[in-house]
Number of protein chains: 2
Amino acid sequence: MITYPALLETFKTLLKENSLKFTRQRELVFKTLYENEGHFTPEDLSGLIKQQHPGLKISIPTIYRTLALLEESGIVNSLSFGAKGKKYEFGLKEHHDHLICIECGKLIEFHDDMIEKRQEEIAKKFNFKMTDHTMNITGICEACQKKQKE
Amino acid sequence: MITYPALLETFKTLLKENSLKFTRQRELVFKTLYENEGHFTPEDLSGLIKQQHPGLKISIPTIYRTLALLEESGIVNSLSFGAKGKKYEFGLKEHHDHLICIECGKLIEFHDDMIEKRQEEIAKKFNFKMTDHTMNITGICEACQKKQKE
DNA sequence: CTGACTGCAAAATCTTTGCAAAGAC
DNA sequence: GTCTTTGCAAAGATTTTGCAGTCAG
């Protein structure tokens, strides 16, 4: 995994290239997504930031705006399924797909080279310039299956 | 493909099993999804129904309620991506995945047996009871790539 | 300095709910 | 008849926007 300072430089460069400014708020969102493993709604992120950086504050609109920016730049991925709203995760790590439990909302990540390859082939077949791909398997996780039996 | 009357019976049986009633509105949503190839938001469906059945009417809340019911029963699938809201499609046909153009929103369906099989293996590996799986490849379609070059 | 960014409050969406009237069985 | 469903309007929830003040470069 790339180090945080290196990633931050990437982010700064990206901003500079687009005449955008590197602000405390943008760094906060970036950093929080980097430091916290998982998938978060804008609301979640707001809570996390308040909790982990009690001194600093950041408004909900700014979180939305920053996430949109980060998503466009390919730094974060968004994921939407049954539940309301979208969830975001830090995206500059190895590509992976998701198993989503429809009972408890748990997300499990996995990676499968065969599927990755096949996706590329399919995009090529349709003359599609692939920018991203997501595979979500929804179902009931082991824990929730046990609960149902009780 | 199964005939419409047969599918309708399936739907009626499902309703009966849950002490739910077969209403004109429920049939309208069901029929409209069956007859129209594609992916629709609740709003889209409302428009389609108005257009294709000018005499009958159905309110937006009822469409939402019916879609939730149909989705739970596995009769329709929902799909959410970048754009706002969810889109629904008739689900009782061969499983397929999607290529989604992020420029124009076009959806292309495809089916790939190798990927299907692999998904089952992965679910099994994680002791996941799979209820559904979706694969979305996002990117830029052939037409939009040409537009960009102009 | 200058132009971009933020926070606030307000608006725009999208989705759900309460309830009286209508409809299915 | 009884119990569910519908439509309406209203409430909720989520996301976006306008704008004045603030901040980065």
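B:R118 meets the salt bridge (charged side-chain N to carboxylate O under 4.0 Å, His left out) test with A:D112, B:E121; sequence neighbours excluded. The side chain to side chain contact (heavy atoms under 4.5 Å, CB included) test applied to A:E72 returns no partner, not counting sequence neighbours. In terms of the ring-ring contact (aromatic ring centres under 6.0 Å, His included) criterion, residue partners of A:H98 (sequence neighbours excluded) are, by chain and number, A:H39, A:H96. By the side chain to side chain donor-acceptor pair (under 3.5 Å) test, B:N127 pairs with A:E142, sequence neighbours left out. In this structure A:E27 satisfies the side chain to side chain contact (heavy atoms under 4.5 Å, CB included) test together with A:Y4, A:L8, A:F22, sequence neighbours excluded. Under the side chain to side chain donor-acceptor pair (under 3.5 Å) criterion, B:Q25 pairs with no residue, sequence neighbours left out. Residues meeting the ring-ring contact (aromatic ring centres under 6.0 Å, His included) test with B:F11, sequence neighbours left out: B:F30.
Look at CD on A:E27: it is 17 Å from P on D:dC23, rounded to the nearest Å. In this structure, CG of B:L67 is placed 15 Å from P of D:dT5, rounded to the nearest angstrom. What separates CG of A:L15 from P of C:dG3 is a distance of 19 Å, to the nearest Å. The distance from atom CZ of A:R26 to atom C1' of D:dG25 is 13 Å, rounded to the nearest whole Å. In this entry the distance linking NZ of A:K16 with P of C:dA4 reads 16 Å, nearest Å. Rounded to a whole Å, the NZ atom of A:K12 is 16 Å from the P atom of C:dC5. If you measure from atom CD1 of B:I60 to atom C1' of D:dA11, you get 17 Å, rounded to the nearest angstrom. D:dA24 atom C1' lies 16 Å from atom CG of A:N18, rounded to whole Å.
Residues A:P42 and B:S19 each lie close to DNA chain D; by heavy-atom proximity, the contact nearer the 5' end of the strand is made by B:S19.
Distances shown here put every side-chain N or O of B:Y64 at or beyond 4.0 Å from the OP1 or OP2 atom of C:dT16. Not one side-chain nitrogen or oxygen of A:Q25 sits closer than 4.0 Å to the OP1 or OP2 atom of D:dC23.
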For nucleotides 17-25 of chain C, 5' to 3', base contacts (B), sugar-phosphate-only contacts (S) and non-contacts (-) with protein non-hydrogen atoms under 4.0 Å give BB----BBS

Indicate every side-chain donor-acceptor pair of residues 46-60 of chain A with a distance under 3.5 Å to a residue at least two apart or in another chain.
| residue | atom | partner | partner atom | Å |
| --- | --- | --- | --- | --- |
| A:Q52 | OE1 | A:N36 | ND2 | 3.3 |
| A:Q52 | NE2 | A:N36 | OD1 | 2.9 |
| A:S59 | OG | A:T62 | N | 3.4 |
| A:S59 | OG | A:T62 | OG1 | 3.1 |

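Helical stems of DNA chain D (runs of at least 3 Watson-Crick or G-U pairs, donor-acceptor distances under 3.5 Å) are listed by first residue: C:1-25 with D:1-25.
The stretch residues 43-52 of chain A has no heavy atom under 4.0 Å from DNA chain C, so no residue of it qualifies as close.
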Could you go step by step and tell me if B:L20 and B:L14 meet the side chain to side chain contact (heavy atoms under 4.5 Å, CB included) rule? CA-CA 8 Å; B:L20 298 173; B:L14 247 157; over 6 Å; no

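Annotation: salt bridge (Lys or Arg N to Asp or Glu O under 4.0 Å) contacts involving residues 39-49 of chain B, sequence neighbours excluded, are absent.
Two rings, from A:F40 and A:Y88, have their centers 6.0 Å or more apart.
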